[in-house]
Amino acid sequence: MRHTREIVLLLLLTAPATTLASTHEQQLANGLRIIVKEDRRAPTVAHMVWYRAGGMDETNGTTGVAHVLEHMMFKGTPSVGPGEFNRRVAAAGGRDNAFTSRDYTAYFQQVPKESLSEMMQLEADRMRHLTLDGNEFAQEIRVVMEERRLRTDDQPQALLFENLAAAAFQAHPYRVPVIGWMNDLENMTVADARAWYEQWYAPNNAYVVVVGDVDHQTVFRLAERHYGVLSARSLPVRKPQDEPAQVGIRRLTVKAPADLPLVMMAYKAPVIRNLDQDVDPYALEMLSAVLAGHEAARFTRHLVREQRLAVNAAASYDSTARGPGLFYLYGSPSEGKSRPELEAGLRAEIAAVQDRGVAVDELARAKAQLIAGQIYKLDSMFAQAMEIGQLESVGIHHTMNRRMIEKLQEVTAEQVQAVAKKYFRDEQATVAELDPQPLPQVPRPRSSFAPRH
């Protein structure tokens, strides 16, 4: 078998050159950063505006307001009427949308390169001059509530995940769903959305990412023309929001209409804080890949195929976040198998790594799969812009993506075994079970309001 470093080197050498191309950066006088990556493969451009404000910045009583404001950003300004933003993007032959996370809110357009100036003009306009009309808000909040019903309340897996997060975190705002609690949405007002907009939507709390068939100097001039006229504003002081140490296992059961039971386990785990000095987050990424990173990984091979204990089983971990991290194990038991039996099976797979470690060739395969995915996910302009924006949102400079790949490449079998021993303990675990209830004979009537974002 080819040595791991040779595999990774081959991947790096054969990956499209644009995925590893350098970026160009400039900061305007108002604090707005412009990050440009030139990619000449097609005459298009991805233009994204990222705001450093998401669900974790909300307060009790107005949970979900970041996402609600994202919806309201498409409701127009004094110079661009409701819905006109989308129509102008479509008229240019492009597509646009937005998304809210715990850590950020982002807006994007993918358009022919000739339309970049118009997109910047539109985004700069709503960065400062958004119209927050009470009637438009009354309609849009109903859309958001229906979105919550469709994507969480009526989705047993999403409902279980929401309850798991609320139990795993006691103090940190990651315990709150990004879409918000329904009671807060029911009582939200246009004044709440306006306050959020005034607090966070300023050039000095944002950055612009442009990837495509552009010249970076031209992009900088366009940014100065459209965004440079906006004034910086004072931002709220962000206080530390550390989660207290967990002192024992937490368990919960969610009863909801569903076809299959589900077991979901979450262990407190670190995320990257010092990219060069940290070791454990990269080893945890590799552990996730060893357990469930490909079709021949341990969970599928042992729990699904050999033992027939699970219909499906997976592991999930994200090493980047503004807040604390969790490492997830989850799956649905096979017919005739119980939730406790599947939990025991998931625990046994972790125990096997703790006791016997991982083989060199097993780690090599997981490493090759994981790093290949990291590289080839950038084979589009939009994906490249997403990678840049997401790294910046958690305080990692976008130019460090290569170093992150190198750190993954350097992970050893001993480090994988060490993190399995260190973090997978009951005092750091939250275990949630979905107890499936009979499905309703008549589905709940659907609202005529269809979520767009």
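Nothing here was measured: the structure is a model prediction, and the numbers come from that model.
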* **Contacts of type side-chain hydrogen bond (donor to acceptor under 3.5 Å, both in side chains), residue Tyr317, not counting sequence neighbours** => none
Donor-acceptor pairs under 3.5 Å, side chain of residues 259-274 to any protein atom, not counting sequence neighbours: which ones?
| from | atom 1 | to | atom 2 | distance (Å) |
| --- | --- | --- | --- | --- |
| Lys268 | NZ | Ala168 | O | 3.0 |
| Lys268 | NZ | Gln246 | OE1 | 2.9 |
| Arg273 | NH1 | Ala321 | O | 2.9 |
| Arg273 | NH2 | Arg322 | O | 3.0 |
| Arg273 | NH2 | Gly323 | O | 3.0 |
| Asn274 | OD1 | Asp276 | N | 3.3 |
| Asn274 | OD1 | Gln277 | N | 3.0 |

* Could you go step by step and tell me if Tyr423 and Leu284 meet the side chain to side chain contact (heavy atoms under 4.5 Å, CB included) rule? -> CA-CA 9 Å; Tyr423 298 108; Leu284 287 163; 4.3 Å; yes
* For Ala258, check side-chain contact (heavy atoms from CB on, under 4.5 Å) against everything at least two apart and list the hits. => Pro156, Leu434, Pro436
* side-chain hydrogen bond (donor to acceptor under 3.5 Å, both in side chains) partners of His398, counting only residues at least two apart -> Thr23, Glu392
* Is it the case that Arg126 places NZ or CZ above or below the six-membered ring of Phe74, under 6.0 angstrom from the centre and within 45 degrees of the axis? -> yes
* **Any donor-acceptor N/O pair, Glu433 side chain to Thr253 backbone, under 3.5 Å** => no
* To do: Hey, can you tell me if Tyr174 and His172 have their rings parallel, tilted or perpendicular (30° and 60° cut-offs)?
  => perpendicular
* Asked: Do you know the tightest heavy-atom contact between Val178 and Ser101?
  -> CG2-C, 3.8 Å
* **Within the 6.0 Å centroid threshold, strictly below: Phe327 and Phe424** => yes
* Start with the C-alpha distance between Glu410 and Arg403, add both sets of side-chain angles, then the distance that settles salt bridge (charged side-chain N to carboxylate O under 4.0 Å, His left out), and finish with yes or no. => CA-CA 10 Å; Glu410 295 166 1; Arg403 181 59 183 143; 3.2 Å; yes
* Who passes side-chain hydrogen bond (donor to acceptor under 3.5 Å, both in side chains) against Tyr328, sequence neighbours left out? -> none
* Only pairs at least two apart or in different chains count here, so list each salt bridge (Lys or Arg N to Asp or Glu O under 4.0 Å) that has a residue in residues 178-207. => Arg128-Glu198
* Indicate whether any N or O donor in one side chain lies under 3.5 Å from an N or O acceptor in the other, for Asp318 and Ser316. => no
* **No-hydrogen, no-angle side-chain donor-acceptor test under 3.5 Å, Thr105 and Glu70** => no
* Asked: Distance-only, no hydrogens or angles: does the Ser115 side chain make a donor-acceptor pair with backbone N or O of Glu118 under 3.5 Å?
  -> no
* Any pair counted as salt bridge (Lys or Arg N to Asp or Glu O under 4.0 Å), so long as it reaches residues 244-253, sequence neighbours left out -> Arg251-Glu343
* To do: Measure the spacing between CG of Leu342 and CG of Leu303 and express it to the nearest 0.5 Å.
  => 7.0 Å
* To do: Could you walk me through whether Asn312 and Tyr330 pass side chain to side chain donor-acceptor pair (under 3.5 Å), step by step?
  => CA-CA 8 Å; Asn312 54 68; Tyr330 53 96; over 6 Å; no
* Derivation of the salt bridge (charged side-chain N to carboxylate O under 4.0 Å, His left out) call for Asp154 and Arg148 -> CA-CA 8 Å; Asp154 290 351; Arg148 183 188 158 82; over 6 Å; no
* May I ask you to check whether Gln110 and Arg95 show a side-chain donor-acceptor distance below 3.5 Å? => yes
* Going by the ring pair (Phe, Tyr, Trp, His ring centres under 6.0 Å) test, which pairs reach into residues 210-247, not counting sequence neighbours? -> His24-His216, His216-Phe220
* To do: Show your working on side chain to side chain contact (heavy atoms under 4.5 Å, CB included) between Ile388 and Lys37 and close with a plain yes or no.
  => CA-CA 9 Å; Ile388 292 169; Lys37 189 174 186 180; 4.2 Å; yes
* Asked: Does Arg425 use its side chain to pair, donor to acceptor, with the backbone of Lys422 at less than 3.5 Å?
  -> yes
* Side chain Asn30, main chain Ser231, donor-acceptor under 3.5 Å -> no
* salt bridge (charged side-chain N to carboxylate O under 4.0 Å, His left out) between Glu84 and Arg87, intermediate numbers included -> CA-CA 5 Å; Glu84 186 179 342; Arg87 289 192 292 270; 5.1 Å; no
* **Distance-only donor-acceptor check, side chains Asn86 and Asp96, under 3.5 Å** => yes
* Would you list the pairs meeting ring pair (Phe, Tyr, Trp, His ring centres under 6.0 Å) in which at least one residue belongs to residues 108-138, sequence neighbours left out? => Phe108-Phe382
* Asked: Between the side chains of Asp125 and Thr77, does any donor sit under 3.5 Å from an acceptor?
  -> yes
* **Arg40 bridged to Glu38 by N-O distance under 4.0 Å** => yes
* Taking Gln437 for the side chain and Asp435 for the main chain, is one N or O donor matched with an acceptor at less than 3.5 Å? -> yes
* Asked: Do we see a donor-acceptor contact under 3.5 Å between the side chains of Glu58 and Thr63?
  -> no
* To do: Please state whether the rings of Tyr201 and Tyr197 are parallel, tilted or perpendicular, taking 30° and 60° as the class boundaries.
  => tilted
* **Gap separating the CD atom of Glu285 from the CG atom of Leu287, nearest 0.5 angstrom** => 10.5 Å
* Asked: For the residue pair Thr62 and Met188, what are the closest heavy atoms and their distance?
  -> O-CE, 3.8 Å
* Establish, from distance only, whether the side-chain atoms of Gln369 and His294 form a donor-acceptor pair under 3.5 Å. => no
* Which salt bridge (Lys or Arg N to Asp or Glu O under 4.0 Å) pairs, counting each pair once, include a residue from residues 129-138, with sequence neighbours left out? -> Lys75-Glu136
* Asked: Which one of Lys239, Arg52, Arg238 satisfies the salt bridge (charged side-chain N to carboxylate O under 4.0 Å, His left out) criterion with Asp57?
  -> Arg238
* Asked: How far does NZ of Lys407 sit from OG of Ser319, to the nearest 0.5 angstrom?
  -> 11.5 Å
* Report the residues that fulfil side-chain contact (heavy atoms from CB on, under 4.5 Å) with Pro244, sequence neighbours left out, ordered by chain and then residue number. => Ala171
* Asked: More than 12 heavy atoms of other residues, nucleotides or ligands under 6.0 Å from CD of Gln157: is that the case?
  -> no
* Structure fact -> Rounded to the nearest 0.5 angstrom, the CZ-CD distance for Arg221 and Gln26 is 10.0 Å
* Quick one: CE on Met73 to OG1 on Thr131, what's the gap to the nearest 0.5 Å? -> 11.5 Å
* Asked: Listed by chain and number, what are the side-chain hydrogen bond (donor to acceptor under 3.5 Å, both in side chains) partners of Tyr104, not counting sequence neighbours?
  -> Gln390
* **Distance-only side-chain donor-acceptor flag, Asp39 / Gln384, under 3.5 Å** => yes
* To do: Can you measure from CZ (Arg41) to CG (Asp213) and round to the nearest 0.5 angstrom?
  => 11.0 Å
* **Polar side-chain atom of Glu243 near backbone of Gln170 as donor-acceptor pair, under 3.5 Å** => yes
